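If you read the sequence from its start, that first residue is 1, and numbering goes on from there. Note that the structure is a prediction, hence the values are computed from the model and not measured.
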Amino acid sequence: MEKTFKIKAQEGLHARPCALVVNAAIPFSSNIEIIHNDRAVNLKSIMSVMALGIKMDTVVTIRTEGDDAEQAMAKITDVLTQENIATEA
């Protein structure tokens, strides 16, 4: 399952916003990736996500695969939108 988001946080996906998204992903058993510029990294790894250098107004894709993929996507979508980190693109 995949969804595309546009990052709206002024600081991009760095520090606090990144931690919120990573912490939302960690409890799920599914494989969860964030894709930026054709590079996919594990969304459960804060260092990997921060290394992407995702800035404001960047479009990213979140991909979930596994037994709880739908629940994982719902939780990540909630965190991204409710915390004003991103909007669905």
Side-chain angles (χ1 to χ4, degrees):
M1 151 176 277
E2 289 187 359
K3 274 192 186 180
T4 304
F5 296 90
K6 184 173 185 178
I7 303 301
K8 300 308 289 177
Q10 186 173 8
E11 65 274 21
L13 208 52
H14 191 313
R16 190 189 76 78
C18 189
L20 291 171
V21 177
V22 168
N23 287 332
I26 287 173
F28 296 96
S29 63
S30 291
N31 291 325
I32 306 171
E33 295 179 319
I34 185 167
I35 304 157
H36 171 58
N37 287 341
D38 297 322
R39 186 168 165 216
V41 300
N42 182 354
L43 189 60
K44 297 178 185 179
S45 167
I46 194 164
M47 295 306 289
S48 295
V49 176
M50 289 179 66
L52 291 175
I54 299 170
K55 308 255 187 249
M56 183 178 175
D57 292 329
T58 299
V59 175
V60 299
T61 301
I62 305 290
R63 178 173 35 214
T64 60
E65 295 177 1
D67 292 338
D68 55 2
E70 287 184 39
Q71 296 93 334
M73 184 63 78
K75 178 64 175 176
I76 292 163
T77 299
D78 285 348
V79 169
L80 287 170
T81 56
Q82 291 176 4
E83 295 290 335
N84 297 313
I85 298 168
T87 56
E88 289 189 56

Inset, instruction - Flag yes if more than 12 heavy atoms outside Glu88 fall under 6.0 Å of its CD atom; otherwise flag no. - result: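 Correct, the count exceeds 12.
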Legend entry - Side chains of Leu52 and Leu13 in contact at under 4.5 Å (non-hydrogen atoms):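 No. Closest side-chain heavy atoms not under 4.5 Å.
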Legend entry - Close side-chain approach of Val21 and Ile85, heavy atoms under 4.5 Å: yes
Legend entry - Results of side chain to side chain donor-acceptor pair (under 3.5 Å) for Thr61 - residues two or more places apart only: none
Nearest 0.5 angstrom please: [X] [atom1] to [Y] [atom2], how far?
X	Y	atom1	atom2	answer
Met56	Ile54	CE	CD1	14.5 Å
Ile32	Asp68	CD1	CG	7.0 Å
Lys3	Ile62	NZ	CD1	10.5 Å
Phe5	Thr81	CZ	OG1	7.5 Å
Ile7	Leu80	CD1	CG	6.0 Å
Ile76	Asn23	CD1	CG	11.5 Å

Which pairs of donor and acceptor atoms, one on a side chain in residues 40-47, lie under 3.5 Å apart (sequence neighbours left out)?
residue	atom	partner	partner atom	Å
Asn42	OD1	Lys44	N	2.8
Lys44	NZ	Phe28	O	2.4
Lys44	NZ	Ser30	O	2.9
Ser45	OG	Ser48	N	3.2
Ser45	OG	Ser48	OG	3.0

Inset, instruction - Mind checking side chain to side chain contact (heavy atoms under 4.5 Å, CB included) for His14 and listing every partner two or more places apart, or none if nothing turns up? - result: Met50
Inset, instruction - Can you tell me which residue pairs pass the salt bridge (Lys or Arg N to Asp or Glu O under 4.0 Å) test with a partner in residues 69-83, sequence neighbours excluded? - result: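 Sorted pair list: Arg16-Glu83.
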Legend entry - Summary of salt bridge (Lys or Arg N to Asp or Glu O under 4.0 Å) pairs that have at least one residue in residues 49-64, sequence neighbours excluded: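 Found Glu2-Arg63, Lys8-Asp57, Glu33-Arg63.
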Legend entry - Ile34-Val59 co-clustered via ILVMFWY side chain contacts under 4.5 Å: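 No, it is not one cluster - the side chains of Ile34 and Val59 are not joined through contacts under 4.5 Å.
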